[in-house]
There are 2 protein chains.
Amino acid sequence: MKISTKGRYGLTIMIELAKNYGEGPTSLKSIAQANDLSEHYLEQLIAPLRNAGLVKSIRGAYGGYILSDVPSKITAGDVIRVLEGPITPVEGIEDEEPAKRELWIRIRDAIKGVLDNTTLEDLANHRDDEEVEGYMFYI
Amino acid sequence: MKISTKGRYGLTIMIELAKNYGEGPTSLKSIAQANDLSEHYLEQLIAPLRNAGLVKSIRGAYGGYILSDVPSKITAGDVIRVLEGPITPVEGIEDEEPAKRELWIRIRDAIKGVLDNTTLEDLANHRDDEEVEGYMFYI
DNA sequence: CAAATGCCTATCAAAATACTATGAAATGAA
DNA sequence: TTCATTTCATAGTATTTTGATAGGCATTTG
């Protein structure tokens, strides 16, 4: 029931690229340093994002990565699906007994509703005073 | 981003107990056979459910397990929390940068909304013709 | 050419997952 | 009382996933 560091760090990368959108390429090194992450590990995460066409790379000195599209056109769901696989609380929903299948579908759709309606623009322009309240409790 | 067999089989057990509620104890053996699961494995899953007070056990021949409360008072969230831990898409939401923190909170609350509003009664009495439509697509 | 950067492959330790194995303890029925 | 049934407890284990680390080649800029 968890999103691993793949999805989390992948989102971190994409949010940084969104912040720098229109200002030329951003190197993984700078993202790794700014977020205290392993550059080598981020390389492994951005490879699938590049293969999926979400980012473009520019090789060589002063190279780096840029988003393939405007931040408002790329969603958190796009990123998570590439790095974590299909959004679903269980493998093979179809094989489940109907009562449970319906439960998994409801959960899946709830998660999809959030991820597919949150864009990189939303995340990059987040205003910290718009915080959700009471997030600490009733886990 | 997945619920493991712990949570899934745990729910299976609890739904079976809900179906038999009021009719004496149900053995794990019968649940394991009916669902083609390892009885030994189910034993390991029901131990935390017993410790959490969700089920009561009756030892010895013709023993088994019964729900500690009526099926309408136990939710899927109760079961999942015991077997999978707190409902949250990431560990340590508080430590995340605000934009991502808010995303995780929205996902968490969406999942909680489903799990805490689905009771064992709902699951045990599920009518298969009330199925959600279009669940196959747009994963 | 040198430095910076992306690209590629391999390796690996730790944790989680999904069981399996063994046997003791309790209980009801014969 | 004896036996089958069932829970209870602990340990072991194979496989996969996670979260990296290492080394080096390829490309581009200054």
Side-chain angles (χ1 to χ4, degrees), chain A residues 1-13 16-17 20 24-52 54-68 80 82-86 89-92, chain B residues 1-13 16-17 20 24-68 80 83-86 89-92:
Chain A
M1 186 62 115
K2 299 282 184 294
I3 295 175
S4 72
T5 55
K6 287 182 203 163
R8 303 214 307 276
Y9 296 176
L11 253 193
T12 299
I13 294 171
E16 295 277 359
L17 297 186
N20 298 346
T26 305
S27 72
L28 274 195
K29 186 178 187 178
S30 66
I31 295 176
Q33 286 174 347
N35 295 273
D36 196 29
L37 300 172
S38 153
E39 185 185 347
H40 257 312
Y41 189 40
L42 295 190
E43 279 176 7
Q44 291 176 47
L45 303 186
I46 208 163
L49 294 172
R50 177 171 40 79
N51 292 335
L54 294 181
V55 302
K56 291 175 190 163
S57 63
I58 292 126
R59 298 181 68 159
Y62 297 85
Y65 296 89
I66 58 175
L67 296 183
S68 294
I80 296 296
V82 167
L83 292 168
E84 303 272 351
V90 304
E91 302 285 349
Chain B
M1 185 63 116
K2 299 282 184 292
I3 295 175
S4 72
T5 55
K6 289 180 202 165
R8 304 214 306 277
Y9 297 176
L11 254 192
T12 299
I13 294 171
E16 295 277 359
L17 296 187
N20 297 347
T26 307
S27 72
L28 277 193
K29 187 176 187 178
S30 67
I31 296 176
Q33 285 175 347
N35 294 274
D36 197 29
L37 300 173
S38 155
E39 184 185 349
H40 262 314
Y41 191 39
L42 295 190
E43 281 176 4
Q44 291 176 46
L45 303 186
I46 209 165
L49 294 171
R50 178 171 39 79
N51 293 334
L54 294 180
V55 302
K56 291 176 191 163
S57 64
I58 292 127
R59 298 181 71 158
Y62 297 83
Y65 296 87
I66 58 174
L67 295 184
S68 294
I80 296 296
L83 292 168
E84 303 274 350
V90 304
E91 302 285 349

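Naming convention: chains lettered A, B, ... in sequence-line order (proteins, then strands); numbering from 1 in each chain.
Following rounding to the nearest Å, B:Glu84 (CD) and C:dA16 (C1') show an atom-to-atom distance of 11 Å. The CG atom of A:Leu42 sits 10 Å away from the P atom of C:dG6 (whole-angstrom rounding). Rounded to a whole Å, the CD atom of A:Gln44 is 11 Å from the C1' atom of C:dT11. C:dG6 atom P lies 11 Å from atom CZ of A:Arg50, rounded to whole Å. Summarising the geometry, the separation between NZ on B:Lys2 and C1' on C:dA18 is reported as 17 Å, rounded to the nearest angstrom. As a whole-Å value, the separation of A:Gln33 CD from C:dT5 C1' is 13 Å.
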field: side chain to side chain contact (heavy atoms under 4.5 Å, CB included) between B:Leu49 and B:Tyr65, intermediate numbers included
entry: CA-CA 11 Å; B:Leu49 294 171; B:Tyr65 296 87; over 6 Å; no
message: Between B:Asn35 and B:Thr12, does the side chain to side chain donor-acceptor pair (under 3.5 Å) criterion hold? Intermediate values first, please.
response: CA-CA 8 Å; B:Asn35 294 274; B:Thr12 299; 5.1 Å; no
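Contact record, A:Pro86 with B:Lys2: O-NZ, 3.6 Å, taken as the closest heavy-atom pair. Contact between B:Lys6 and B:Leu83 at its shortest, heavy atoms only, is O-CD1, 3.4 Å. Considering every non-hydrogen atom in both A:Ile58 and A:Pro25, the closest pair reads CD1-CB, 3.8 Å.
Taking for each of A:Lys6 and A:His40 the nucleotide of DNA chain D with the nearest heavy atom, the 5'-most of the two is the partner of A:Lys6. Of the two residues near DNA chain C, B:Tyr9 and B:Tyr62, the one whose nearest nucleotide lies more 5' is B:Tyr9. Heavy-atom distances to DNA chain D give each of B:Asn51 and A:Glu43 a nearest nucleotide, and the one nearer the 5′ end belongs to B:Asn51. Residue A:Ala61 is the one, among A:Ser57 and A:Ala61, whose nearest nucleotide of DNA chain C lies closer to the 5' end (criterion: closest heavy atom).
Nucleic acid contact for A:Tyr41: base, since at least one base atom lies under 4.0 Å from a heavy atom of the residue. Here A:Ile58 lies in heavy-atom contact (under 4.0 Å) with sugar-phosphate atoms only. Across all strands, A:Arg8 comes closer than 4.0 Å to no nucleic acid atom at all (heavy-atom distances). Nucleic acid contact class of B:Leu28 (heavy atoms, under 4.0 Å, all strands): sugar-phosphate only.
For DNA chain D, the span of nucleotides reached by chain A at under 4.0 Å from its heavy atoms goes, 5' to 3', from D:dT18 to D:dT29.
When atom types are taken as modelled, the side chain of B:Glu84 and the backbone of B:Gly7 share a donor-acceptor pair closer than 3.5 angstrom.
A close approach under 4.0 Å does occur between a side-chain nitrogen or oxygen of B:Thr5 and OP1 or OP2 of C:dA18.
For the pair A:Leu17 and A:Ile31, the minimum side-chain heavy-atom distance is below 4.5 Å.
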